[in-house]
Amino acid sequence: MKDIALVLSSGGARGLAHIGAIEELEAQGYRITSIAGCSMGALIGGVYAAGKLKEFREWMKTVDRKKMLELTDFSLSLNHIVKGSRIIEAIMEFVPDMPIEDLPIPYCAVATDLKAGREVVFDKGNLFDAIRASISLPSFYEPVHRDGMILIDGGVTNPIPMNRVVRHEGDILIGVDVSGHDYETQWEIQQEIAEKRKNSKSLSQQILNKLIPDNLEFNYYTMLSRVSSLMILL
């Protein structure tokens, strides 16, 4: 049996494919000895690390459009549409919250500090605090305020945190990326969009410029695809 250090990417609703990836790795005789995730990858990875992946998969089979609407706690805030607490509470009914340090395998989740424009790595503290921060899609989910930081989706700065997973001697590093993007081309287009954004005179764009600091490595396409995936679910 070969040990692997597993990394699960962001990717919105497509992140549910991480469940199948984990099951196939185990079916092929691999043993996951550490895991790191971002956004949906942080959620699936955390559920797996807690030993509740099967229960989560069965629960997801029951989530139709009606149930998703019931789990969506809409907000009247100007900086987010959904509070994001209701769905976390629903998952916690069968996945107990616990300190990350007490999980059977090393786990970490990546979020982004909007104020500093840098990634924040959760490798200790409450599991669902880490997950909730990592999935905070900008303008959709309510940001998490913690220790003077405004925490949003980890996919903004590190959509597949290969550099954050704990490694063990002799293990194999495996990353599962469900975004399906050409990052080199996206980077060039992203830079062009960023330049146009800064030079735009429209009121809406000036407001957006205030919301997105210049020092934030904003993964535009990752965010765009995730918004689309969430809106399809709703």
Side-chain angles (χ1 to χ4, degrees), residues 4-22 25 32-53 55-57 59-60 71 82 84-85 87-92 94-114 118-138 140-144 146 149-166 173-179 217 219 222-223 225-227 229-230 233:
I4 63 172
L6 182 63
V7 182
L8 304 178
S9 75
S10 59
R14 291 193 304 273
L16 292 173
H18 290 316
I19 298 174
I22 290 173
L25 285 169
I32 300 170
T33 54
S34 60
I35 194 164
C38 172
S39 194
M40 193 61 164
L43 172 59
I44 302 299
V47 169
Y48 175 81
K52 296 294 183 178
L53 187 65
E55 290 83 350
F56 179 81
R57 176 167 54 82
W59 177 76
M60 281 301 307
L71 294 172
V82 176
S85 300
I87 190 167
I88 292 294
E89 291 169 358
I91 297 172
M92 287 175 63
F94 57 91
V95 182
D97 196 10
M98 64 181 72
I100 293 174
E101 302 94 312
D102 292 345
L103 292 170
I105 61 173
Y107 163 84
C108 76
V110 174
T112 299
D113 180 7
L114 179 62
R118 63 177 179 82
E119 65 177 317
V120 177
V121 179
F122 288 86
D123 55 8
K124 57 181 179 294
N126 289 346
L127 172 63
F128 278 95
D129 285 350
I131 291 173
R132 178 60 184 83
S134 187
I135 67 172
S136 297
L137 176 63
F140 190 85
Y141 280 125
E142 182 178 10
V144 173
R146 173 174 171 170
M149 298 181 290
I150 301 177
L151 298 174
I152 60 173
D153 198 297
V156 174
T157 48
N158 196 354
I160 179 165
M162 303 285 285
N163 58 331
R164 299 304 180 190
V165 69
V166 172
L173 177 62
I174 294 180
V176 181
D177 184 0
V178 298
S179 64
E217 297 176 8
N219 192 319
T222 299
M223 293 297 100
S225 66
R226 198 170 296 111
V227 168
S229 298
L230 286 166
L233 282 174

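Predicted model only: the values in this text are computed from it and were never measured. Positions are given from 1 along the sequence.
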Side-chain ([X]) to main-chain ([Y]) donor-acceptor, under 3.5 angstrom:
X	Y	answer
D97	L127	yes
S134	C38	no
S34	A5	no
E101	G125	yes
H18	A42	no

What are the two closest heavy atoms between [X] and [Y], and how far apart are they?
X	Y	result
G46	Y107	N-CE1, 3.3 Å
P161	V110	CB-CG2, 3.7 Å
V144	A133	CG2-CA, 3.8 Å
I32	I105	O-CG2, 3.9 Å
D123	C108	CB-CB, 4.0 Å
T112	G154	OG1-CA, 3.6 Å

[X] [atom1] to [Y] [atom2] distance, which is reported to the nearest 0.5 Å:
X	Y	atom1	atom2	value
I160	S9	CD1	OG	5.5 Å
I35	I174	CD1	CD1	11.0 Å
S39	I152	OG	CD1	11.0 Å
L173	I4	CG	CD1	9.5 Å
M149	R118	CE	CZ	6.0 Å
E119	L151	CD	CG	12.0 Å

(request) Can you spot which of V47, L53, I131 makes a side chain to side chain contact (heavy atoms under 4.5 Å, CB included) with V95? (result)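 So the option named by the test is V47.
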Heavy-atom side-chain contact between [X] and [Y] under 4.5 Å:
X	Y	result
F128	I91	yes
N158	V121	no
R146	D129	yes
R57	I22	no
K52	P96	yes
L103	M98	yes
V82	I87	no

(message) Would M40 and L16 count as a side chain to side chain contact (heavy atoms under 4.5 Å, CB included) here? Give the steps.
(response) CA-CA 8 Å; M40 193 61 164; L16 292 173; 3.3 Å; yes
(request) Kindly determine whether L6 and V165 satisfy side chain to side chain contact (heavy atoms under 4.5 Å, CB included), including the steps that lead there. (result) CA-CA 7 Å; L6 182 63; V165 69; over 6 Å; no
